[in-house]
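Take a look at the structure set out below.
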Amino acid sequence: ASTAATSVSISGDISSQLHSGYSHPLARSWQAERQLTKSMLIYPLFISDQDDEEVLVPSLPNQCRRGLNKVIPFLEPLVNKGLRAVMLFGVPLRPGTKDALGTSADDPEGPVIRAIRALRQRFPHLYICADVCLCEYTSHGHCGILRDDGSLNNQLSVDRISDVAIAYARAGAHCVAPSDMNDGRIRAIKLKLIEEGIAHNVTLMSYAAKFSGCLYGPFRDAAGSVPSFGDRRCYQLPPGGRGLARRAIVRDINEGADIIMVKPAGQYLDIISDAKELGKDLPIAAYQVSGEFAMIHAGAKAGVFDLKAMAFESTEGILRAGATIVVSYFAPEFLDWLSD
Ligand code: PBG
Ligand code: ZN
């Protein structure tokens with residue numbers, strides 16, 4: 001009887017047996033190359049110049065625009081739960097703050113520089129990334145300085161954006177992250193950081209593969225950065241442009257980027273995977289942008305899926321594609337979910 005039992009199916013194809021590797025929850029987790037941890041998360045924050053403001057952004061579920069006096073108490077419990085990093089976006093609301101050159105982007109009394117200083121002091125272990133762009137500060141809402149015909153003047157824009165990056169770094173940002181997409185800004189920022197003698201302790205994160213499209217709408221509501229004319233298609237990448245994205249990634253690595261970012265995330269998993277391959281020795285960040293976040297909330301609200309399950313599933317896809325850093329509006333929820 002025992003010989004009959006052992007000879008049953010070993011003549012079959014042993015390699016067809018897969019279930020054995022993932023029957024247990026722990027064994028299932030071992031199937032992933034990497035698991036989401038709290039230290040992978042960067043939480044985006046909208047900081048307005050109205051110190052006492054705290055206003056929900058209607059198109060961006062549960063997210064607020066906050067002044068400095070509200071941001072600090074808001075962050076306190078999150079930092080206690082293990083939040084390690086934030087990305088700051090300034091929102092100047094005071095009338096007359098915007099002009100054609102985005103002059104207020106590096107105002108020492110502006111929201112970003114004041115927030116960098118205050119957060120460094122209040123939360124010494126929190127890693128502060130500052131998004132660097134002009135669109136929140138220009139009267140026309142574009143990500144640079146314009147020529148008379150409305151196109152970006154690349155040289156003037158790069159000069160200005162690199163100055164803004166230096167101002168944020170000097171104020172104490174651990175990381176500056178230019179999101180403007182002007183050609184050559186990574187090199188310009190790196191050279192100025194070296195010239196200032198601060199290149200050794202400021203990380204340069206490039207929004208290298210940033211695609212144009214309709215997923216930034218809620219962000220632009222929050223930041224008040226909708227362009228007053230035209231669109232961003234001549235500087236953000238065309239959605240089909242995989243080769244162009246690869247060139248931008250290689251270029252920005254060669255110009256001195258420490259981290260390469262891909263954005264949006266969920267619609268561009270192939271690009272994250274390309275970034276991982278091209279930048280195999282760099283950390284790769286993915287930004288799950290405002291429209292992706294709003295879409296997941298809308299789907300959950302419509303009963304299509306459970307919010308938490310979908311938040312994890314979308315993030316697992318991003319990690320599987322190759323990201324090791326995730327910029328996400330779900331960060332506060334993940335701090336709770338990852339502690340459960
Ligand atoms: C600014 C900037 C944008 C985002 C990050 N930095 C908006 C844009 O380019 O229009 C989008 C982030 C999001 O949608 O969550 N240049
Ligand atoms: Zn911009």
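Both counts, for ligands and for their atoms, begin at 1 and track the order of listing.
- Within the 4.5 Å cutoff, no side-chain heavy atoms of Met205 are placed close to those of Ile260.
- Looking only at heavy atoms of the protein, atom 14 (O) of ligand 1 is closest to Ser290 OG, 2.7 Å.
- Close contacts of ligand 1 with Cys135, meaning ligand atoms under 4.0 Å from a residue heavy atom, involve 1 (C), 16 (N).
- When every heavy atom of Pro108 is checked against every heavy atom of Ile113, the shortest pair comes out as O-CG2, 3.6 Å.
- Closest to atom 1 (C) of ligand 1 among all protein heavy atoms lies Ser179 OG, 3.3 Å.
- Residue Phe293 does not touch ligand 1, judged by heavy-atom distances below 4.0 Å.
- Nearest protein neighbour of atom 10 (O) of ligand 1, counting heavy atoms only, is Arg220 NE, 2.6 Å.
- Comparing Asp231, Asp131, Leu60 by heavy-atom distance to atom 6 (N) of ligand 1, the nearest is Asp131.
- Comment: Asp183 engages Arg251 in a salt bridge, judged by a side-chain N to carboxylate O separation of less than 4.0 angstrom.
- Minimum heavy-atom separation, Ala285 to Ile259: CB-CG2, 4.0 Å.
- By the 3.5 Å distance cut-off applied to N or O atoms, Lys210 is counted among the residues near ligand 1.
- Salt bridge Lys190/Asp258: present, at least one basic N to carboxylate O contact under 4.0 Å.
- Looking at atom 5 (C) of ligand 1, its nearest protein heavy atom turns out to be Lys263 NZ, 2.8 Å.
- Checked for salt-bridge contact, Glu53 and Lys70 miss the test: no charged N lies under 4.0 Å from a carboxylate O.
- A heavy-atom separation below 4.0 Å is not found between Gln288 and ligand 1.
- Of the protein's non-hydrogen atoms, Tyr329 OH, 2.5 Å is the one closest to atom 15 (O) of ligand 1.
- Summarising the geometry of Arg114 relative to Glu109, their closest heavy-atom pair is CD-O, 3.2 Å, with the distance given to 0.1 Å.
- Of all protein heavy atoms, the one lying nearest to atom 12 (C) of ligand 1 is Phe219 CD1, 3.3 Å.
- Residues in residues 75-133 take part in these ring pair (Phe, Tyr, Trp, His ring centres under 6.0 Å) pairs, two or more places apart or across chains: Phe46-Phe89, Phe89-Phe219, Tyr127-His174.
- Ordered by chain and number, Cys133 SG, Cys135 SG, Cys143 SG make up the set of protein N, O or S atoms under 2.8 Å of the Zn ion (ligand 2).
- Residue contacts with ligand 1, taken as heavy atom pairs separated by less than 4.0 Å, do not involve Asp180 at all.
- Using a cut-off of 4.0 Å between Lys/Arg side-chain N and Asp/Glu carboxylate O, Glu277 and Arg246 are scored as salt-bridged.
- The stretch residues 307-331 participates, sequence neighbours left out, in these salt bridge (Lys or Arg N to Asp or Glu O under 4.0 Å) pairs: Lys308-Asp340.
- Salt bridge present: Asp274 and Arg242 bring a charged side-chain N and a carboxylate O closer than 4.0 Å.
- Classification of Arg122 and Glu76 as a salt-bridged pair holds, one side-chain N sitting under 4.0 Å from a carboxylate O.
- The side-chain hydrogen bond (donor to acceptor under 3.5 Å, both in side chains) test applied to Asp49 returns no partner, not counting sequence neighbours.
- Between Glu136 and ligand 1, not a single N/O pair is under 3.5 Å apart.
- When each atom of ligand 1 is checked for a heavy atom of Cys133 under 4.0 Å away, the hits are 16 (N).
- Near Phe89, meaning under 4.0 Å from any of its heavy atoms, are these atoms of ligand 1: 5 (C), 6 (N).
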